[in-house]
Peer 1: 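Would you mind keeping the following structure in view while I ask a few things?
Predicted, not measured: the structure shown is a model, and the values here were computed from it. Note: hydrogens, waters and symmetry copies are ignored here, and every other heavy atom, side chains too, is used.
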Amino acid sequence: MSAVNDSKFTPAVFLLTGIPGQEDVHLWISVLFCFIYVLSIVGNSAILFIIKIDQSLHEPMYIFFSMLATTDLGLLIATIPTILSIFLFNSKEISHNACFAQLFFIHLLKCTESSMLLLMAFDRFIAIRDPLRYASILTLPRIRKMGLAFVLRGVAVTLPLPFLLQRLRYCQSNVLSHCYCINQDVMKMACSDVRVNSIYGLSVSSLTVGLDSLLIFLSYVMILKTVLSITSHVQCLRALNTCISHLCAVLLFYMPMTGLSVIHRFGGDSSPLLKILLSYIYMLVPPLMNPIVYSMKSKHLCARIIRLFCDRLDHRNPLGIAK
């Protein structure tokens with residue numbers, strides 16, 4: 001009898017949500033999303049390509065930026081299938097296992113992106129606080145070890161999430177709030193006790209994204225203290241100018257994430273449209289804007305990108321590098 005009841009009440013799939021009430025224009029929305037995806041993929045791929053082939057860009061700041069671009073590409077790959085399947089083919093169903101796998105990669109990559117922003121804040125702090133020792137402190141082997149350590153941290157804390165969700169029974173509504181799976185959203189579909197999931201999810205967020213944001217804040221407090229001690233007004237502004245692109249990336253990442261987390265945990269009566277809008281900003285805007293922000297603030301990188309596309313259009317050897 002238990003097996004019959006389980007099969008009767010446990011939905012075999014989750015249903016993802018596009019934009020409710022806008023089904024008639026889903027095709028046009030898909031065109032916009034395709035355009036955003038193409039721009040994001042081309043932008044991040046161009047950044048990675050240029051940093052790889054240009055030896056003059058093999059510096060800590062650009063290495064950290066390439067790690068951020070790699071993470072953004074991973075997020076795009078993890079979300080493209082479900083978002084476009086909804087808006088192009090009206091296919092909203094996703095199996096439990098596929099949903100759990102997707103949320104694992106989304107949370108892992110978001111955790112890793114937060115870590116990369118922390119490393120980039122550390123990079124700016126060292127560059128401003130101790131510029132003479134900058135190259136000796138942030139060596140390439142040390143950068144690789146720091147990057148690997150943070151990726152392993154993300155895997156360690158994110159891996160339990162799908163297994164904790166698998167043990168739950170899902171006998172309530174199976175309609176998710178977003179066009180992709182995230183832990184807070186899937187938990188709401190369960191009719192089992194989710195206290196362990198909720199406590200663990202909150203602990204993971206606090207010890208990863210929460211801790212990273214606190215350390216980034218402390219880094220900028222120390223950067224500001226160092227900058228204010230500089231007697232030259234021109235040098236002071238120049239030092240602050242090197243942080244603008246990173247500050248933009250931090251705001252683009254943390255503001256939508258914080259808003260979405262607060263709404264999921266405490267905003268039970270909030271507008272569904274607000275949740276959906278924040279979910280798209282949270283997932284699509286950082287990969288789109290990060291290459292633009294960093295390219296605009298780095299004249300050297302911007303020049304290389306322009307030269308790359310001009311050479312491609314002229315069918316010449318990219319960047320003028322001899323074969």
Peer 1: Find the distance between NZ (Lys188) and CG (Leu176) and round it off to the nearest 0.5 Å.
Peer 2: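 Lys188 NZ to Leu176 CG: 10.5 Å, rounded to 0.5 Å.
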Peer 1: Can you list the steps and then say if Asn241 with Ile244 is a side chain to side chain contact (heavy atoms under 4.5 Å, CB included)?
Peer 2: CA-CA 5 Å; Asn241 189 53; Ile244 290 176; 3.3 Å; yes
Peer 1: Might you point out which heavy atoms bring Leu108 and Thr158 nearest each other, and give the distance in Å?
Peer 2: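 Scanning both residues, the minimum pair turns out to be N-CG2, 3.7 Å.
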Peer 1: Let me see the working for Ile182 and His107 under side chain to side chain contact (heavy atoms under 4.5 Å, CB included), right down to the final yes or no.
Peer 2: CA-CA 7 Å; Ile182 55 176; His107 287 286; 3.8 Å; yes
Peer 1: To the nearest 0.5 Å, tell me how far Ile51 CD1 sits from Ile47 CD1.
Peer 2: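 Separation between the atoms: 6.0 Å.
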Peer 1: Apply side chain to side chain contact (heavy atoms under 4.5 Å, CB included) to the pair Trp28 and Leu32, showing each step before the final yes or no.
Peer 2: CA-CA 7 Å; Trp28 294 107; Leu32 173 63; over 6 Å; no
Peer 1: Would you check if the distance from the ring center of Tyr280 to the ring center of Phe33 is below 6.0 Å?
Peer 2: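 Under 6.0 Å, so yes.
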Peer 1: For atom CE of Met255, is the number of surrounding heavy atoms from other residues, nucleotides or ligands below 6.0 Å larger than 12?
Peer 2: no
Peer 1: Under the salt bridge (Lys or Arg N to Asp or Glu O under 4.0 Å) definition, can you give me all pairs with a residue in residues 210-234, not counting sequence neighbours?
Peer 2: Arg153-Asp212
Peer 1: Partners of Arg167 by salt bridge (Lys or Arg N to Asp or Glu O under 4.0 Å), sequence neighbours excluded?
Peer 2: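 With sequence neighbours excluded, Arg167 shows a salt bridge (Lys or Arg N to Asp or Glu O under 4.0 Å) to no residue whatsoever.
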Peer 1: Does the Asn183 side chain pair with the main chain of Gly201, one donor and one acceptor, at a distance under 3.5 Å?
Peer 2: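 A pair under 3.5 Å: no.
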Peer 1: CG/Leu117 to CG/Leu252 distance, rounded to the nearest 0.5 angstrom?
Peer 2: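 Leu117 CG to Leu252 CG: 9.5 Å, rounded to 0.5 Å.
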Peer 1: Ring-plane angle category for His96 and Tyr170, please: parallel below 30°, perpendicular beyond 60°, tilted otherwise.
Peer 2: perpendicular
Peer 1: Applying ring pair (Phe, Tyr, Trp, His ring centres under 6.0 Å), which residue pairs with at least one partner in residues 202-226 are found, sequence neighbours left out?
Peer 2: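 Residue pairs passing ring pair (Phe, Tyr, Trp, His ring centres under 6.0 Å), neighbours aside: Tyr220-His246.
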Peer 1: In chain order, what residues pass the ring-ring contact (aromatic ring centres under 6.0 Å, His included) check against Tyr180, with sequence neighbours excluded?
Peer 2: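 For Tyr180, the residues satisfying ring-ring contact (aromatic ring centres under 6.0 Å, His included) (neighbours in sequence not counted) are His178.
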Peer 1: Any pair with a residue in residues 74-83 that passes salt bridge (Lys or Arg N to Asp or Glu O under 4.0 Å), sequence neighbours left out, goes on the list, sorted by first then second residue, please.
Peer 2: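 For residues 74-83, and leaving out neighbouring residues, there are no salt bridge (Lys or Arg N to Asp or Glu O under 4.0 Å) pairs at all.
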Peer 1: Would you indicate whether the side-chain heavy atoms of Leu48 and Asn44 approach each other to under 4.5 Å?
Peer 2: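 No - every pair of side-chain heavy atoms lies 4.5 Å or more apart.
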Peer 1: Under 6.0 Å from the ring centre and within 45 degrees of the ring axis: does the NZ or CZ of Lys145 meet both conditions for the six-membered ring of Phe150?
Peer 2: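 Verdict for Phe150: no cation-pi partner in Lys145.
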Peer 1: Report the distance from atom CZ of Phe105 to atom OG1 of Thr112, rounding to the nearest 0.5 Å.
Peer 2: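 That separation rounds to 11.0 Å.
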Peer 1: Report the hydrophobic cluster partners of Leu148, with the cluster defined as I, L, V, M, F, W, Y residues connected by side-chain heavy atoms closer than 4.5 angstrom, directly or transitively.
Peer 2: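 Cluster partners of Leu148: Leu152.
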Peer 1: Got a sec, which residues hit side-chain hydrogen bond (donor to acceptor under 3.5 Å, both in side chains) with Ser229, two or more places apart in sequence or on another chain?
Peer 2: none
Peer 1: Looking at every heavy atom in both Met283 and Ile106, which two are closest together, and how far apart are they?
Peer 2: CE-CG2, 3.8 Å
Peer 1: Using ring centroids (six-membered ring only for Trp), state whether Phe100 and Phe163 fall under 6.0 Å.
Peer 2: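 No, the ring of Phe163 stays outside the 6.0 Å limit from the ring of Phe100, centre to centre.
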Peer 1: Give, for atom OG of Ser136 and atom CZ of Arg142, the distance between the pair rounded to the nearest 0.5 Å.
Peer 2: 8.0 Å
Peer 1: Sorted by first residue and then second, give each disulfide bond (SG atoms under 2.5 Å apart) pair with at least one member in residues 62-134; sequence neighbours left out.
Peer 2: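 Output for this query lists Cys99-Cys181.
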Peer 1: Hey, are the side chains of Ser219 and Arg124 touching, using non-hydrogen atoms and a 4.5 Å cut-off?
Peer 2: no
Peer 1: Working to the nearest 0.5 Å, report the span between CG of Leu284 and CE of Met289.
Peer 2: 13.0 Å
Peer 1: Mind listing the closest non-hydrogen atom pair of Ser245 and Tyr294 along with its distance?
Peer 2: OG-CE2, 3.6 Å
Peer 1: Counting only heavy atoms not in Glu93 (residues, nucleotides, ligands), do more than 12 fall under 6.0 Å from its CD?
Peer 2: no
Peer 1: Got a sec, which residues hit side chain to side chain contact (heavy atoms under 4.5 Å, CB included) with Val227, two or more places apart in sequence or on another chain?
Peer 2: Ile128, Ile223, Cys236, Ala239, Leu240
Peer 1: Of all residues at least two apart in sequence or in a different chain, which pass the side chain to side chain contact (heavy atoms under 4.5 Å, CB included) check with Pro60?
Peer 2: Phe64, Asp123, Tyr134, Leu138, Ile143
Peer 1: Under 3.5 Å, which donor-acceptor pairs link side chains of residues 65-81 to any protein atom two or more places apart or in another chain?
Peer 2:
residue: Ser66; atom: OG; partner: Ile63; partner atom: O; Å: 2.6
residue: Thr70; atom: OG1; partner: Ser66; partner atom: O; Å: 2.9
residue: Thr71; atom: OG1; partner: Met67; partner atom: O; Å: 3.0
residue: Asp72; atom: OD2; partner: Asn290; partner atom: ND2; Å: 3.0
residue: Thr79; atom: OG1; partner: Tyr37; partner atom: OH; Å: 3.2
residue: Thr79; atom: OG1; partner: Leu75; partner atom: O; Å: 2.9
residue: Thr79; atom: OG1; partner: Leu76; partner atom: O; Å: 3.4

Peer 1: Any side-chain donor-acceptor pair under 3.5 Å between Ser95 and Asn97?
Peer 2: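 No, Asn97 and Ser95 have no side-chain donor paired with an acceptor closer than 3.5 Å.
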Peer 1: Which heavy atom of Gly210 sits nearest a heavy atom of Ser213, and at what distance?
Peer 2: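 Smallest heavy-atom distance, with atoms named: O-OG, 2.7 Å.
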Peer 1: Go through it in stages, so that I can follow the logic: the residues are Ser114 and Tyr254, the test is side chain to side chain donor-acceptor pair (under 3.5 Å), and I'd like the CA-CA distance, side-chain angles, deciding distance and then a yes or no.
Peer 2: CA-CA 8 Å; Ser114 175; Tyr254 283 105; 2.7 Å; yes
Peer 1: Would you say that Tyr62 contacts Asp54 through its side chain, given a criterion of any heavy-atom pair below 4.5 Å between the two side chains?
Peer 2: no
Peer 1: What pair of heavy atoms forms the shortest contact from Thr82 to Cys179, and how long is it?
Peer 2: OG1-O, 3.0 Å
Peer 1: Can you sort out the partners of Pro131 under side chain to side chain contact (heavy atoms under 4.5 Å, CB included), two or more places apart, ordered by chain and number?
Peer 2: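 Counting only residues at least two positions away or on another chain, Pro131 forms no side chain to side chain contact (heavy atoms under 4.5 Å, CB included).
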Peer 1: Main chain of Val194, side chain of Ser198: is a donor-acceptor contact present, judged purely on distance under 3.5 Å?
Peer 2: no
Peer 1: Nearest heavy-atom pair of Ser56 and Glu59: which atoms, and what distance?
Peer 2: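 Minimum heavy-atom separation between Ser56 and Glu59: O-OE2, 3.4 Å.
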Peer 1: How about Leu88 and Ser30: do any of their side-chain heavy atoms sit closer than 4.5 Å?
Peer 2: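 Yes, side chains in contact.
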Peer 1: Just by distance, do the side chain of Ser91 and the backbone of Ile86 share a donor-acceptor pair under 3.5 Å?
Peer 2: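 Not a single qualifying donor-acceptor pair exists.
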Peer 1: Show the numbers, then the answer: is there a side chain to side chain contact (heavy atoms under 4.5 Å, CB included) between Leu161 and Tyr200?
Peer 2: CA-CA 8 Å; Leu161 290 177; Tyr200 184 77; 3.8 Å; yes
